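Notes to accompany the following structure.
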Amino acid sequence: MFIFDSAKKIKREFIPQVDGKVSLYVCGPTVYDDAHLGHAKSALVFDLLCRVLSANGYEVTYARNITDIDDKIIKKALEQNKTIKEITDFYTDAYHKEMALLGIKRPNIEPKATESLDAMYALIQKLLDNKHAYKTANGDVYFDTSSDNEYLTLSKRVQDDSDKLQRVESSSHKKNAADFALWKSVDDDSVTFDSPFGKGRPGWHLECSAMIEKHLSKPDAKFAVDIHGGGADLLFPHHENEAAQTRCATNHALAAYWMHNGFVNIDGEKMSKSLGNSFFLKDALKIYEGEVLRFYLLSTHYRSNFNFNEEDLATAKKRLDKVYRVKKRLFGLTHENEKTLFQNELLGTLSDDLNISASLALIDEMITRANETLDTAGKHKELKRETLSNLSYIEKLLGFGEKNPYEYFQFGVDEETKTKIATLIQMRDEAKSAKDFAASDAIRDEILAYNVNLMDTPQGSFWEKI
RNA sequence: GGUGCCAUCGCCAAGUGGUAAGGCCGCAGCCUGCAAAGCUGCUAUCCCCAGUUCAAAUCUGGGUGGCACCUCCA
C-alpha cells in the first residue's frame with residue numbers, strides 16, 4: 001500500500017510500526033453546530049482508508065475525537081439557554097446519525113475532550129517539567145515554540161514575525177507570538193475545570209496529543225500513531241502544534257504518516273463558517289440519498305479540492321445507477337463470494353493512495369462487460385456468479401451498492417405515489433396486450449409525469465425515480 | 001506581503017519520462033410496437049513560451065490564470 005505523506009510531500013510505501021496492525025487518528029468535529037459537507041468529506045476519506053487497510057489484511061485501530069470543550073460551544077449554550085452537555089450531546093448524536101446515512105463506519109474509539117482532561121494535565125505537566133512550556137503571570141500555560149528546534153518542520157513554514165501578528169498578540173503575556181496556549185486561565189462563572197494549573201480550560205491543540213497518548217500510543221514506539229489525518233486546513237497551526245507537543249513531552253514523534261484531505265467548495269466558493277455559506281449535510285440528505293452523496297463526495301481524489309454542485313451530483317448519481325442496474329439484472333440470484341481478477345485490480349488501485357478515479361474506471365468496465373455478456377448470453381451462470389461476487393466486494397471495499405436495487409431507485413417516493421404508478425403500469429400492460437399502443441403511450445406519459453423513468457423488460461415493466 | 005497547491009476533451013476526472021483511463025453530455029447504429037435501460041462505434045496531444053532528453057501532459061526556467069493557508073474552520 002502506498003500513501004501520500006503530507007509531511008514529506010511524497011507518496012511512499014506504507015509500512016506500519018507493528019506488523020499487520022495500523023493505528024489511525026483523525027481530527028473529528030467540534031460539536032457546536034450541524035455537520036457540513038466538509039465534515040462528511042473528511043469522515044468519508046478516512047472511512048475509505050480504513051476499509052482499504054482492512055482489505056489489505058491490516059487490523060486497524062481508528063480513533064476520531066469529539067471536541068466538546070470549546071468557546072463556540074459555550075457561546076451557543078449561553079445563546080440558547082442550554083447546558084454545555086445538551087448542546088454537545090445534540091450535535092454529537094446528529095453527527096453520528098448523518099455519518100451513518102453516508103455509510104461511514106464508527107471508529108473504534110471516539111474520545112471526548114471532557115473525558116480526556118487527565119491525559120491533558122499529564123501532558124502539560126511533562127512540558128512544564130522539561131521546560132517546553134511556561135506559566136504566565138495571569139495563570140495561562142503556553143508552549144514555548146522557541147524551545148522546539150523542529151517547530152514548523154511539519155508545515156514547512158518560515159517563522160512569521162510580521163507586524164500584523166505582533167499587533168494581534170500584543171495583549172498576551174506570551175514570550176513569542178507563535179507560542180500557543182496549553183491552558184487558558186479562566187476565573188469567572190463560565191465553564192471551567194479545576195486543574196493542577198488553576199481554574200480554566202485547555203487549549204484546543206492539546207486534546208489530540210493527549211488522546212493519542214491515552215488511547216493509541218505505545219511507550220517504546222518511534223511514532224505515537226502510524227497515520228494521523230484531518231482536513232488540509234488543520235496542517236497549520238493545529239497539526240504543527242500537536243506534533244510539537246507530543247515530540248517535546250514524550251520520547252516519540254506524533255505520526256509516521258500524515259494525510260490531509262482537500263477542501264469542499266460550493267459552486268466555486270469556499271465554504272466556511274465566516275462566509276456563512278456552509279452546506280449542511282442534513283439539508284443535502286433531504287434531497288439526496290446518503291449513498292449518492294457518499295459516491296459523489298468520494299468520486300474525486302481525497303487530496304484534491306472538491307467543488308460541490310448539483311449538476312455534478314446528478315452525474316455522479318447516474319454513475320452509481322449503473323451499479324444498481326446491473327445488480328437489478330441479477331437480483332434474486334445467490335452466489336458464494338469468490339476472488340476475481342477484477343477484485344485484485346480494484347484493491348490495487350485503491351491501495352495506491354486511494355486512487356478512486358482509476359477504481360471507478362475499473363468498476364465501469366466490469367459492469368459494461370457484465371451487461372454485454374448478459375445481453376448476448378443470458379444464461380451465463382459463471383459470469384453471473386462472478387459479477388455478484390464483484391458487486392459484493394465493491395460494497396465491502398467502497399461502501400456503495402448495498403441497498404435493494406428496487407428501493408434504491410425509488411428513493412423519496414411516497415407510498416401513495418408508488419401505488420398510483422403500480423396501478424397505471426397495470427393499466428398500461430393491459431393496453432399493450434391488446435396492442436392498443438396509443439392508449440399505452442398515453443398512460444406512459446401519465447407515469448412519466450411523476451418524474452420517473454419507465455422501462456419494459458421481459459420480467460415486466462419497472463420504474464425508476466429520475 | 002509570506003508560504004504552498006493547481007491548470008488534461010463542452011462538463012466531471014485519472015495518468016509524474018515512453019507516446020492521453022473512466023463517467024456525463026452529443027452524434028450514428030443494434031435492440032424495442034415506440035421508448036427507457038443495455039450494447040457497439042465516433043469525439044482531446046494535455047494554459048502559453050523556452051529548455052533538458054532518443055522520448056515530456058509528466059522534468060527545469062519564465063509567463064498567464066485560478067485557489068488555499070498565514071485567524072475559528074474538515
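Note that this is a predicted model, so its numbers are computed, not measured. Here is the naming used below: chain letters follow the sequence lines, and residue numbers restart at 1 for every chain.
As a whole-Å value, the separation of A:H228 NE2 from B:A74 P is 13 Å. Atom pair A:L346:CG and B:G22:P shows a separation of 16 Å (rounding to whole Å applied). The separation between A:Y324 atom OH and B:A36 atom P is 25 Å, rounded to whole Å. Atom NZ of A:K11 and atom C1' of B:A14 are 11 Å apart (whole Å). When rounded to the nearest whole Å, the span between CG of A:L330 and C1' of B:A37 equals 14 Å. Taking atom CG of residue A:D375 and atom C1' of nucleotide B:A36, one finds them 14 Å apart after rounding to whole Å. Atom CG in A:D353 sits roughly 11 Å away from atom P in B:U16 (whole-Å rounding). Across the protein-nucleic acid pair, A:N371 atom CG and B:A36 atom C1' stand 14 Å apart, rounded to whole Å.
The distance between the ring centers of A:Y62 and A:F46 does not fall below 6.0 angstrom. Aromatic rings from A:Y25 and A:H228 are positioned such that their centres are separated by under 6.0 Å. Aromatic pair A:F462/A:Y406: centroids less than 6.0 angstrom apart.
Among A:D47, A:V323, A:L48, the single residue meeting the side chain to side chain contact (heavy atoms under 4.5 Å, CB included) criterion with A:L398 is A:L48.
Residue contacts for A:V26: at a heavy-atom cut-off of 4.0 Å it reaches no nucleic acid atom on any strand shown. Residue-level contact check: A:G38 touches the bases, meaning some heavy atom is under 4.0 Å from a base atom. The residue A:R325 sits close only to the backbone: its heavy atoms come under 4.0 Å of sugar-phosphate atoms, none of a base. Backbone-only contact: A:S42 has heavy atoms under 4.0 Å from sugar-phosphate atoms and none from a base. The residue A:L454 sits close to a base: some heavy atom pair falls under 4.0 Å. Nucleic acid contact for A:H301: sugar-phosphate only, since backbone atoms but no base atoms lie under 4.0 Å from a heavy atom of the residue. Nucleic acid contact class of A:F462 (heavy atoms, under 4.0 Å, all strands): none.
When the P atom is compared between B:C54 and B:G22, the two are found 33 Å apart, to the nearest whole Å. Comparing B:C9 with B:A44, their P atoms sit 12 Å apart, to the nearest whole Å. The same atom, C1', is picked in B:C27 and in B:G65; the two are 33 Å apart, to the nearest Å. B:C49 and B:A37 are spaced 49 Å apart, taking the C1' atom of each and rounding to whole Å. Look at the P atom in both B:A7 and B:C47: the space between them is 8 Å, to the nearest Å. Across the P atoms, B:G66 and B:U71 are found 25 Å apart, a figure rounded to whole Å. When the C1' atom is used for both B:A13 and B:G18, the distance is 23 Å, rounded to whole Å. Only the P atoms considered, B:A56 is 15 Å distant from B:U60, to the nearest whole Å.
Heavy-atom distances to RNA chain B give each of A:L362 and A:E464 a nearest nucleotide, and the one nearer the 5′ end belongs to A:L362. Take the nearest nucleotide of RNA chain B for A:I356 and for A:R329: the residue whose nucleotide is more 5' is A:I356.
By the 4.5 Å heavy-atom criterion applied to side chains, A:H239 and A:C27 are counted as neighbours. Between A:R64 and A:P111 the shortest side-chain heavy-atom distance does not fall below 4.5 Å.
Of the candidates B:C39, B:C25, B:G38, the closest approach to any side-chain atom of A:E372 belongs to B:C39. In this structure, of B:C24, B:G22, B:C70, it is B:C24 that holds the atom nearest to the side chain of A:K318. The side chain of A:S357 sits closest to B:A21 out of B:A74, B:C24, B:A21. Listed nucleotides: B:U40, B:A36, B:C69. Nearest to the side chain of A:T368: B:U40. In the set B:A21, B:C24, B:A14, B:A14 carries the atom at the smallest distance from any side-chain atom of A:T300.
Put simply, CG on A:N309 and CD1 on A:I266 are 9.0 Å apart, with the number rounded to the nearest 0.5 Å. Distance CE/A:M366 to CG/A:N371: 9.5 Å, rounded to 0.5 Å.
Residue A:Y151 comes nearest to A:A244 through the heavy atom pair CD1-CB, 3.8 Å, listed as atom of the first residue, atom of the second, then distance.
Within a 6.0 Å sphere centred on NZ of A:K317, heavy atoms belonging to other residues, nucleotides or ligands number more than 12.
Pairing for B:A21 is absent, judged as Watson-Crick or G-U wobble with the two contacts each under 3.5 Å. Partner assigned to B:C67 is B:G4, using Watson-Crick or G-U wobble distances below 3.5 angstrom. Across all strands shown, B:G33 remains unpaired; no Watson-Crick or G-U wobble contact has both distances below 3.5 Å. Base pairing of B:C42 is made with B:G26, judged by Watson-Crick or G-U wobble geometry with both donor-acceptor distances under 3.5 Å.
For residues 449-458 of chain A, the salt bridge (charged side-chain N to carboxylate O under 4.0 Å, His left out) pairs, not counting sequence neighbours, are A:R428-A:D456, A:K432-A:D456.
At a cut-off of 3.5 Å, with distance as the only test, a side-chain donor of A:D179 or A:T145 sits close to an acceptor on the other residue. Under 3.5 Å, the side chains of A:H380 and A:T373 contain no donor-acceptor pair of N or O atoms.
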Please list, pair by pair, any protein nitrogen or oxygen found under 3.5 Å from a nitrogen or oxygen in nucleotides 29-33 of chain B.
{"unit_1": "B:G33", "atom_1": "N1", "unit_2": "A:D441", "atom_2": "OD1", "d": "3.0"}
{"unit_1": "B:G33", "atom_1": "N2", "unit_2": "A:D441", "atom_2": "OD1", "d": "3.4"}
{"unit_1": "B:G33", "atom_1": "N2", "unit_2": "A:D441", "atom_2": "OD2", "d": "2.7"}

Short N/O separations, protein against nucleotides 5-11 of chain B, under 3.5 angstrom:
none

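Note: A:F180 and A:H205 have perpendicular aromatic rings, judged against thresholds of 30 and 60 degrees for the angle between ring planes. Ring-plane geometry between A:F308 and A:F306 is classed as tilted, the angle between the planes lying from 30 to 60 degrees on a 0 to 90 degree scale. Note on ring orientation: taking the six-membered ring where Trp is involved, the planes of A:F409 and A:Y324 are perpendicular (angle over 60°, cut-offs 30° and 60°).
Contact between the side-chain N/O atoms of A:W204 and the OP1/OP2 oxygens of B:C73 is found at a separation under 4.0 Å. Proximity of A:K328 to the phosphate of B:G38: no side-chain N or O atom is located under 4.0 Å from OP1 or OP2.
Within residues 93-111 of chain A, no residue is approached by RNA chain B to less than 4.0 Å at the level of any non-hydrogen atom. Using a 4.0 Å cut-off on heavy atoms, the residues of residues 302-311 of chain A that approach RNA chain B are A:S304, A:N305, listed by number.
Residues forming a side chain to side chain contact (heavy atoms under 4.5 Å, CB included) with A:D233 (at least two apart in sequence, or on another chain): A:F263.
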Working for side-chain hydrogen bond (donor to acceptor under 3.5 Å, both in side chains), residues A:E240 and A:S155: CA-CA 6 Å; A:E240 186 71 58; A:S155 60; 2.6 Å; yes
